[in-house]
Protein chains: 4
Amino acid sequence: MAVEPVRRPGRPRSEDARHAVLTATLELAAESGPAGLTMGGIAERAGVSKETLYRWWHSKTEVVLEALAHYGDEAIPVPDTGSLAKDLRVFMRATSKALDHRTRQLLRTLAAQSAADPTFADQVREEFIARRRAALAEVLERAVKRGELAPARAAVTVDFVFGSLWYRLIFGVGSLDRAWADAVADSVPGSTAEP
Amino acid sequence: MAVEPVRRPGRPRSEDARHAVLTATLELAAESGPAGLTMGGIAERAGVSKETLYRWWHSKTEVVLEALAHYGDEAIPVPDTGSLAKDLRVFMRATSKALDHRTRQLLRTLAAQSAADPTFADQVREEFIARRRAALAEVLERAVKRGELAPARAAVTVDFVFGSLWYRLIFGVGSLDRAWADAVADSVPGSTAEP
Amino acid sequence: MAVEPVRRPGRPRSEDARHAVLTATLELAAESGPAGLTMGGIAERAGVSKETLYRWWHSKTEVVLEALAHYGDEAIPVPDTGSLAKDLRVFMRATSKALDHRTRQLLRTLAAQSAADPTFADQVREEFIARRRAALAEVLERAVKRGELAPARAAVTVDFVFGSLWYRLIFGVGSLDRAWADAVADSVPGSTAEP
Amino acid sequence: MAVEPVRRPGRPRSEDARHAVLTATLELAAESGPAGLTMGGIAERAGVSKETLYRWWHSKTEVVLEALAHYGDEAIPVPDTGSLAKDLRVFMRATSKALDHRTRQLLRTLAAQSAADPTFADQVREEFIARRRAALAEVLERAVKRGELAPARAAVTVDFVFGSLWYRLIFGVGSLDRAWADAVADSVPGSTAEP
DNA sequence: CGGTAAGCGAGACGGTACGTCTTGTCTTATT
DNA sequence: AATAAGACAAGACGTACCGTCTCGCTTACCG
């Protein structure tokens with residue numbers, strides 16, 4: 001049974017255009033940051049008309065969201081070493097490693113738009129934030145089942161990890177390097193003992 | 001010796017104008033949120049010329065920063081009950097209580113601008129974030145001296161508390177009410193025992 | 001010998017589409033005037049694709065031109081009463097009568113496009129203006145042959161009649177009613193005497 | 001008594017900007033005609049922001065109108081030789097002479113916009129057309145007073161002269177040179193006799 | 001009766017102009 | 001010197017229309 005063999009009439013959406021837009025967004029975000037990322041700029045860089053841009057994405061945030069989703073979907077795998085301490089280490093270090101310049105710029109763009117507009121915040125939360133939370137929650141869930149972690153603590157831990165990340169990213173309060181990753185991993189009770 | 005008896009020539013700065021600007025900023029932020037808060041709008045609402053606005057504040061962020069500082073400076077006192085658990089409870093509940101609609105809108109404006117522009121982020125960090133961190137650090141420091149808290153844990157705790165706050169504020173990931181305040185307070189080790 | 005018995009292969013042009021386009025053009029012109037008459041609008045109203053529109057007409061002007069030709073081709077017959085004064089009266093009154101709201105909107109569209117683009121002006125002149133001029137010229141020619149009109153005056157009279165019409169139509173300088181028609185007819189020398 | 005010595009507060013309107021806009025409009029109209037004359041283009045050529053353009057002129061037509069008024073106000077003087085025939089000759093030849101390439105482009109722009117939008121047509125009529133009509137009407141009035149021209153004929157003559165001009169200009173029906181000027185002048189009864 | 005070829009709808013596309021908005025600077029007269 | 005009033009350059013925004021394109025489907029004929 002084919003999943004979607006239907007072909008609607010009319011010229012089909014150009015995959016080239018879509019790809020060019022997402023690529024241009026990543027490039028521009030990396031180069032100029034949130035402030036320099038404009039719809040007109042993306043369109044020009046991508047060799048795409050503004051109308052096409054607005055047809056498929058209703059705002060800058062949506063473009064960034066999709067660009068980021070495409071780029072970083074498998075960057076951080078969900079580890080399963082059998083030990084919470086090790087799992088957290090792996091997860092945090094992978095997270096830290098994924099935060100290169102380009103990604104930080106994209107995330108800052110996401111944060112800026114989300115802070116300014118609750119509607120977009122909802123979208124970002126559901127389509128991006130939730131995925132990351134789920135990945136970490138999976139790791140913690142296993143630890144809870146093994147009795148390594150109190151259930152109540154699992155919940156706040158997710159906030160802790162990502163809260164720290166965004167807080168530092170947005171306000172520049174401290175680094176997001178490997179030292180940070182390890183410090184965060186170690187601070188989760190029950191994972192401190194075995195370094 | 002008088003502290004500052006100097007009187008520069010010319011018309012002195014209008015205190016009325018300054019006050020009107022800060023009030024207008026608070027009002028507009030509460031009404032329209034980050035997206036609707038413009039320099040032109042503030043000037044108009046305050047009955048002040050844009051010239052005057054830009055003379056004393058170099059950017060929207062500075063205005064918001066000062067408006068916020070004025071409004072919420074003594075809102076959250078630094079508690080000293082002799083017990084980390086109690087101190088944290090008081091601090092977190094006061095923090096939660098201070099986060100009314102207006103304040104959240106202002107904080108979101110700060111976050112949006114900071115995420116978009118690292119220079120503003122620096123400013124926000126130095127003039128606003130740092131003060132809050134210092135207040136919490138003072139509470140934790142005392143606990144460390146009493147042997148209630150490991151020094152290493154004190155550092156990450158500050159990140160935890162404020163990270164959670166901004167994370168939830170920006171992306172709408174969960175509430176910021178009294179339940180949240182208590183959950184955060186309880187999750188700091190050594191303060192869990194006594195509810 | 002049949003004039004055009006050839007039948008090219010492939011699907012023949014849809015007469016329905018052609019008719020729908022011309023009708024839609026007339027309707028839209030009457031409703032929204034030159035400014036509101038767009039190719040996309042015509043296509044949509046006619047239930048025809050833009051592709052089809054552009055296949056058969058290369059510009060808005062061509063569509064309007066054909067719509068107008070279809071509608072008003074026999075509206076103004078060439079009178080031949082034997083008297084210049086009477087012929088002119090009939091011609092001018094018929095002209096005036098043909099200038100209902102819809103026709104005026106169409107003519108204004110033609111004028112707008114012609115003024116903006118000399119190439120279209122050429123087309124309009126050859127395919128529309130020339131026909132009207134020829135009709136009037138025929139009437140005047142007969143008068144010249146009868147000795148009622150000086151040959152030199154015949155030439156400028158055509159300019160006079162149609163110039164006045166377009167001038168008033170475009171700039172709203174005076175009416176185009178029966179009074180105007182009579183005034184114009186009467187002002188041609190040799191036709192004034194007999195009212 | 002000074003006509004307008006009042007000085008409103010605020011930065012006064014820049015005469016430089018105004019002049020640059022009108023000049024740029026004339027240049028662009030001459031170069032590219034009605035179709036190539038855009039608000040953005042005018043702004044760029046004039047070194048003026050689009051906001052300034054729209055602050056003072058609400059549409060392209062208004063800019064063109066003012067540009068034309070400035071340029072051609074005294075181009076065609078009202079002659080008074082004492083003879084209708086001579087006056088008309090002078091007036092028509094001056095009119096013809098004033099119709100250089102640049103002016104024709106401007107007039108065509110005016111016509112295009114007027115045909116498309118009756119509101120602008122009203123404006124053009126009152127602020128531009130009316131002045132020309134008044135000039136010619138003055139000449140004819142004098143002839144009527146001298147008994148050279150029937151009052152009824154004076155009215156249609158104005159239509160005739162300008163109708164012919166615009167008709168030829170818009171649709172390219174014949175020239176607008178000296179031969180045309182003389183032919184039109186001669187065709188007015190009472191002025192034909194004396195060449 | 002099946003192949004071939006053009007017409008047709010739907011609708012995406014690059015391009016360009018539109019008119020509005022906000023930012024930060026400036027130039028006045030007034031206080 | 002500071003103010004209000006407000007004009008200004010710069011440039012992003014989101015919309016509209018243009019004319020072209022690429023699809024799948026339809027309607028004829030012709031062999």
Side-chain angles (χ1 to χ4, degrees), chain A residues 6-14 16-18 35-44 46-56 58-60, chain B residues 8-14 16-17 35-41 43-44 46-60, chain C residues 6-14 16-18 35-41 43-44 46-56 58-60, chain D residues 6-14 16-18 35-44 46-56 58-60:
Chain A
V6 295
R7 262 275 198 191
R8 296 204 290 98
R11 180 175 176 173
R13 174 173 180 184
S14 160
D16 284 6
R18 180 170 168 277
L37 191 65
T38 67
M39 289 298 257
I42 293 172
E44 193 178 5
V48 145
S49 73
K50 273 171 59 178
E51 208 211 329
T52 299
L53 205 50
Y54 279 103
R55 185 196 306 277
W56 300 110
H58 299 76
S59 71
K60 202 175 351 190
Chain B
R8 297 201 283 108
R11 180 174 175 175
R13 174 174 181 184
S14 160
D16 285 6
L37 191 65
T38 68
M39 289 297 257
E44 194 179 5
V48 146
S49 72
K50 276 171 58 181
E51 163 72 19
T52 301
L53 205 50
Y54 279 102
R55 185 193 304 276
W56 301 110
W57 298 275
H58 297 78
S59 71
K60 194 167 18 184
Chain C
V6 294
R7 201 41 122 147
R8 298 203 282 105
R11 180 176 177 174
R13 175 173 181 183
S14 160
D16 284 6
R18 180 170 168 276
L37 191 66
T38 67
M39 289 296 258
E44 194 179 5
V48 146
S49 72
K50 276 171 58 179
E51 162 73 19
T52 301
L53 206 49
Y54 279 103
R55 185 194 304 275
W56 302 110
H58 298 76
S59 72
K60 195 168 13 183
Chain D
V6 297
R7 259 288 193 185
R8 297 204 289 99
R11 180 174 178 174
R13 175 173 180 183
S14 162
D16 284 7
R18 181 171 167 276
L37 191 64
T38 68
M39 289 297 256
I42 293 171
E44 194 179 5
V48 144
S49 73
K50 273 172 57 178
E51 207 212 331
T52 299
L53 205 50
Y54 279 103
R55 186 196 305 278
W56 301 110
H58 298 77
S59 72
K60 203 176 347 189

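By convention in this document, chain letters (A, B, ...) are assigned in the order of the sequence lines, proteins followed by strands, and residues within each chain are numbered from 1.
A close approach under 4.0 Å does not occur between any side-chain nitrogen or oxygen of K60(A) and OP1 or OP2 of dG14(F).
Partners of S59(C) according to the side-chain hydrogen bond (donor to acceptor under 3.5 Å, both in side chains) rule, which considers only residues two or more places apart in sequence or in another chain, do not exist here. Partners of T38(D) according to the side-chain hydrogen bond (donor to acceptor under 3.5 Å, both in side chains) rule, which considers only residues two or more places apart in sequence or in another chain, do not exist here. Legend: residues meeting side chain to side chain contact (heavy atoms under 4.5 Å, CB included) with R13(C), ordered by chain and number and at least two apart, are R18(C), W56(C), W57(C). E51(B) is linked by a side-chain hydrogen bond (donor to acceptor under 3.5 Å, both in side chains) to R55(B), counting only residues two or more places apart in sequence or in another chain.
Look at CD on E44(D): it is 12 Å from P on dC18(E), rounded to the nearest Å. To the nearest angstrom, P of dA7(F) lies 16 Å from CG of D16(D). Here dT22(E) presents its P atom at 11 Å from OH of Y54(B), a figure rounded to the nearest Å. Rounded to whole angstrom, the span from the CG atom of L53(A) across to the P atom of dT16(E) amounts to 17 Å. Taking atom CE of M39(D) as the reference point, atom P of dA17(E) lies 13 Å away to the nearest angstrom.
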* Take nucleotides 10-15 of chain E nucleotide by nucleotide from the 5' end and write B, S or -, depending on whether a protein heavy atom sits under 4.0 Å from the base, only from the sugar-phosphate, or from neither. => BBBBBB
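Nearest heavy-atom pair, V48(D) versus L53(D), reported as atom, atom and distance to 0.1 Å: CG1-N, 4.2 Å.
A donor-acceptor pair is defined here as one N or O able to donate and one able to accept, closer than 3.5 Å; no such pair exists between the side chain of K50(A) and the backbone of A43(A).
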